[in-house]
4 protein chains.
Amino acid sequence: MNQRKNSGGATAAPVRRQGTAKRAATAGSASERRDHLVKLAAELFARKGFQATTVRQIADEAGILSGSLYHHFDSKETIVDEVLRTFLEDLTARYRAVLETAGDARTALTEMVRIGFGTLEPHRAAITVMQNDWNYLRSLPGDRFGYLVKAEDEVERMWVEQIKRGQAEGLFRADLDPKLTYRMIRDTIWVAVRWFRPGGRLNTTALAEHYITVLFDGLATGDRTSHGA
Amino acid sequence: MNQRKNSGGATAAPVRRQGTAKRAATAGSASERRDHLVKLAAELFARKGFQATTVRQIADEAGILSGSLYHHFDSKETIVDEVLRTFLEDLTARYRAVLETAGDARTALTEMVRIGFGTLEPHRAAITVMQNDWNYLRSLPGDRFGYLVKAEDEVERMWVEQIKRGQAEGLFRADLDPKLTYRMIRDTIWVAVRWFRPGGRLNTTALAEHYITVLFDGLATGDRTSHGA
Amino acid sequence: MNQRKNSGGATAAPVRRQGTAKRAATAGSASERRDHLVKLAAELFARKGFQATTVRQIADEAGILSGSLYHHFDSKETIVDEVLRTFLEDLTARYRAVLETAGDARTALTEMVRIGFGTLEPHRAAITVMQNDWNYLRSLPGDRFGYLVKAEDEVERMWVEQIKRGQAEGLFRADLDPKLTYRMIRDTIWVAVRWFRPGGRLNTTALAEHYITVLFDGLATGDRTSHGA
Amino acid sequence: MNQRKNSGGATAAPVRRQGTAKRAATAGSASERRDHLVKLAAELFARKGFQATTVRQIADEAGILSGSLYHHFDSKETIVDEVLRTFLEDLTARYRAVLETAGDARTALTEMVRIGFGTLEPHRAAITVMQNDWNYLRSLPGDRFGYLVKAEDEVERMWVEQIKRGQAEGLFRADLDPKLTYRMIRDTIWVAVRWFRPGGRLNTTALAEHYITVLFDGLATGDRTSHGA
DNA sequence: TATGAATGAGGGTTCATTCAT
DNA sequence: AATGAATGAACCCTCATTCAT
């Protein structure tokens with residue numbers, strides 16, 4: 001279950017009983033099989049929600065019986081855990097990388113926005129799950145998903161730091177609440193997962209640039225007059 | 001505003017075992033009782049999610065048995081339906097009112113943002129449900145919640161119209177995608193429901209003004225230099 | 001579920017859908033229904049063991065669906081809990097009653113033996129479960145059945161006390177280990193449940209008198225010569 | 001006595017992952033390996049019950065995977081079969097040996113009691129299983145464990161014979177039911193397995209002598225007065 | 001308008017067993 | 001003689017819903 005068994009080579013796709021369902025070419029090491037299952041599950045979780053997805057559906061998708069899933073995972077929760085953890089690890093790693101080499105605060109923030117939108121496509125399923133089921137998963141007993149909160153806190157710290165730095169450097173308006181600003185940026189990026197579809201009119205790069213423009217310079221054209229009540 | 005207590009009639013407050021729950025003064029007309037139940041349910045849906053909330057929990061909260069709920073509602077879906085419908089009707093009504101008397105596009109948009117944030121408190125539960133369970137509800141068979149999509153479309157039309165008008169008037173950058181811009185604004189407002197807590201450091205008015213500032217004029221201070229890669 | 005609802009009178013056995021199975025006349029109060037179910041379950045537990053008995057079998061026996069059992073009980077464990085608790089409460093109550101009015105130690109012990117055998121018939125199922133499944137139930141997590149151990153300790157104390165008193169009074173051999181002696185007596189009585197069948201050659205009274213004879217005066221006839229190695 | 005370790009051959013102690021468990025020296029002939037597995041399983045069966053013990057647990061204990069057990073045994077039942085059969089064969093053999101050379105009935109019975117207690121330690125696991133799971137195993141379809149009943153019958157015959165002989169010889173009370181008496185003796189001995197722990201205050205020899213005293217001469221001191229109701 | 005007992009479908013999970021490798 | 005992936009049946013339990021009272 002957890003030792004890489006072979007591999008390297010053509011692995012001569014073994015003849016395997018087909019079960020009832022599709023089951024696309026699933027040769028490869030044990031951990032590859034596991035990853036494959038996680039991917040299938042993530043897709044379902046994203047489409048229908050964690051709770052509404054049954055382990056039987058996941059198993060069907062993989063062409064095995066529901067009980068067989070438990071050869072690979074302890075529980076349904078373990079699967080979604082793996083989905084989210086993978087995403088969060090990738091995300092925080094990318095943030096850290098950017099921050100090590102970042103120039104001024106605006107550049108850093110710009111890069112971070114790009115990273116955010118950049119995950120939209122490769123991690124679409126995970127982000128969707130996080131958006132929709134975060135509330136539920138966090139409420140589960142046993143602090144099973146406590147790391148979610150921790151990871152989020154770390155990310156928040158990174159963003160807020162840059163915003164504050166930008167204010168100190170005179171690059172960003174001093175009258176803004178850093179934490180609040182971070183939240184708005186974060187939400188704007190992630191919620192896009194709800195309507196963003198790859199292959200549509202705009203790709204995630206365009207999305208990012210669009211948002212960067214609005215974020216830094218606003219909707220308005222040059223003339224800064226007061227409006228509203 | 002939400003607890004017309006009696007109504008002047010014989011209603012002879014029925015002796016009732018109290019069950020385990022609070023259940024404040026529950027006399028009154030049938031429709032008031034119904035509204036009360038909807039409110040309790042909305043709170044639970046918001047806190048735990050629609051699926052994770054059982055009809056038994058709703059009934060408990062109301063101090064009755066789960067079967068008794070079915071004297072008021074056809075199904076669990078009917079309840080959430082009422083929750084969402086009420087919210088959407090209020091929201092669209094407010095938008096229409098503003099648009100009838102609005103001045104230039106920027107003023108109109110400003111007001112719309114204020115309306116958005118303004119619903120955060122009174123409709124917190126409904127918005128939360130919409131954020132978290134929209135995906136699931138929409139996927140239910142029978143087009144039970146098709147009106148959600150319709151309402152959303154109407155709202156989108158209103159916003160996009162104002163954005164385009166603003167661009168035409170030269171108030172907003174011409175290089176922005178109106179639909180995309182709308183979505184970002186919308187999301188930023190609604191998702192706030194996830195972390196906004198009444199009584200905290202900032203009230204919804206402050207939130208609105210904060211966002212209006214960033215939205216129109218951006219994060220950056222005056223010097224519009226190019227940044228990023 | 002837990003309030004006595006009516007009763008007293010002929011209760012006009014309500015017409016009720018028959019489900020799929022037998023279901024003997026089950027009129028009466030809610031708690032009577034519950035008791036009935038417990039009795040059915042106890043019988044099955046005794047016959048096949050707690051683990052080997054499925055909730056479906058219990059429900060079948062009652063003529064309802066397995067899920068319906070959960071209207072009356074929280075879990076399968078709750079049912080066996082009720083089986084054992086009822087027995088233990090009856091048993092300890094009887095012991096206490098005897099001990100309050102007992103004469104010398106031998107009389108007390110005699111009565112206790114009679115009580116023991118006397119429970120064999122009315123509590124046959126419960127005793128059988130206790131004999132066969134004690135080990136398993138005790139090992140369940142959460143100290144769900146800790147009271148079993150407590151009740152057993154109390155009973156042990158009562159017996160040992162009488163044995164010691166008998167020794168002090170010069171009625172019982174002084175060279176016997178009281179605790180050990182108790183255990184042997186206890187086991188001899190309870191295990192009889194394994195082979196005792198009501199209506200057989202001997203009833204429980206005869207069993208008791210038989211055992212009392214051997215217990216106090218031994219197998220041997222008068223001549224107390226030493227034997228064995 | 002139970003671990004002829006090698007056997008003089010190349011056996012080239014196979015490199016084997018150690019799993020999570022102990023697994024002392026496991027080289028040796030196939031039948032030794034098998035015996036070892038049976039012993040591990042017996043221990044688990046005794047501790048947790050036959051049904052509650054999973055084949056996975058047995059395999060874990062042996063440091064192999066559950067599927068691998070099926071190279072040694074046809075089924076889980078086969079394992080417990082072996083556990084019980086071994087015990088019963090040893091037991092009846094010992095009884096037979098004693099009976100061939102026995103003197104009077106009292107001596108014979110004394111020796112049989114000693115044998116009984118004498119198996120408590122070496123066959124603790126098997127006896128425990130027999131006590132707790134007999135009921136279940138006997139109920140399994142296919143008469144798989146019919147030999148259990150047969151062996152028990154044979155043992156009963158041996159005991160009852162001696163008791164009757166003792167009565168005929170005038171050594172035992174004539175008013176006792178031989179079969180009933182046998183059962184009580186048997187039960188008293190075997191159930192001791194539930195609380196007997198090697199290394200405790202009393203060893204099995206002391207237990208036996210204690211019981212022999214009570215059995216033949218009773219609890220009471222010399223004065224045979226009538227008691228009870 | 002409520003109760004309370006029941007339905008019936010389905011949920012996640014367990015587990016002895018099989019079998020290609 | 002072992003692995004590891006899978007089976008398939010069954011298990012306990014949940015829950016929206018129904019309905020006679």
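To find a chain, count down the sequence lines: A is the first, B the second, and so on, and within it residues start at 1. Here the structure is a predicted model, which is why all the values come from computation and not from measurement. Just so you know, these numbers use all the heavy atoms, side chains as well, and skip hydrogens, waters and symmetry mates.
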Using atom CD1 of Ile64(A) as one end and atom P of dG4(F) as the other, report the distance to the nearest whole Å.
-> 17 Å
Listed partners of Asn135(C) passing side chain to side chain contact (heavy atoms under 4.5 Å, CB included), at least two apart | Arg138(C), Asn132(D)
Quick one: the dot-bracket string of DNA chain E, using Watson-Crick and G-U wobble pairs with both distances under 3.5 Å, [ ] for crossing pairs and | for bases paired to another strand.
-> .||||||||||||||||||||
Stepwise side chain to side chain contact (heavy atoms under 4.5 Å, CB included) check, Tyr136(A) with Gln51(B) | CA-CA 10 Å; Tyr136(A) 172 72; Gln51(B) 299 171 81; over 6 Å; no
After noting the C-alpha distance and the side-chain angles of Ile64(D) and Leu69(D), does the key distance pass the side chain to side chain contact (heavy atoms under 4.5 Å, CB included) rule?
-> CA-CA 8 Å; Ile64(D) 59 177; Leu69(D) 276 179; 4.1 Å; yes
Sorted by number, residues from residues 67-79 of chain B placing a heavy atom under 4.0 Å from DNA chain E are Gly67(B), Ser68(B), His71(B), His72(B)
Looking at dT7(F), dC15(E), dT13(E), which one has an atom nearest to any side-chain atom of Arg56(D)?
-> dC15(E)
Could you check Asp133(B) against Val80(B) for side chain to side chain contact (heavy atoms under 4.5 Å, CB included), going step by step and ending with a plain yes or no?
-> CA-CA 10 Å; Asp133(B) 299 304; Val80(B) 79; over 6 Å; no
Rounded distance (Å) that lies between atom P of dC15(F) and atom CG of Leu44(B) = 13 Å
Is there a donor-acceptor pair under 3.5 Å between the side chain of Thr53(C) and the backbone N or O of Leu44(C)?
-> yes
Starting at CG of Asp60(D) and ending at P of dA2(F), how long is that distance when rounded to a whole Å?
-> 14 Å
Separation of dA2(F) atom C1' from Arg34(D) atom CZ, nearest Å, is 17 Å
Taking the side chain of Arg33(A) as its heavy atoms from C-beta onward, which of dG12(E), dA5(F), dG8(E) lies nearest to it?
-> dA5(F)
Please state how far atom CG in Leu65(A) lies from atom P in dT13(E), giving the value in whole angstrom units.
-> 16 Å
Kindly indicate, with the supporting measurements, whether the criterion side chain to side chain contact (heavy atoms under 4.5 Å, CB included) is fulfilled by Phe73(D) and Leu37(D).
-> CA-CA 10 Å; Phe73(D) 308 98; Leu37(D) 292 172; 3.9 Å; yes
Thr54(D) meets the side chain to side chain contact (heavy atoms under 4.5 Å, CB included) criterion, sequence neighbours left out, with Arg56(D), Gln57(D)
Distance, rounded to the nearest Å, where Gln57(C) contributes CD and dC13(F) contributes P = 14 Å
Honestly, is Lys76(C) close enough over Phe50(C), meaning NZ or CZ under 6.0 Å from the six-membered ring centre and within 45° of the axis?
-> yes
Side chain to side chain donor-acceptor pair (under 3.5 Å) involving Glu43(B) - partner list, sequence neighbours excluded = Arg124(B)
For Ser75(B) against Tyr70(B), the heavy-atom pair lying closest together = CA-CE2, 3.9 Å
So which of residues 45-54 of chain A are in contact with DNA chain E, with a heavy-atom cut-off of under 4.0 Å?
-> Thr53(A), Thr54(A)
To the nearest Å, give me how far apart CD1 (Ile58(D)) and P (dA16(E)) are.
-> 8 Å
Return the minimal non-hydrogen interatomic distance between Val129(C) and Ala46(C), and the atom names on each side.
-> CG2-N, 3.9 Å
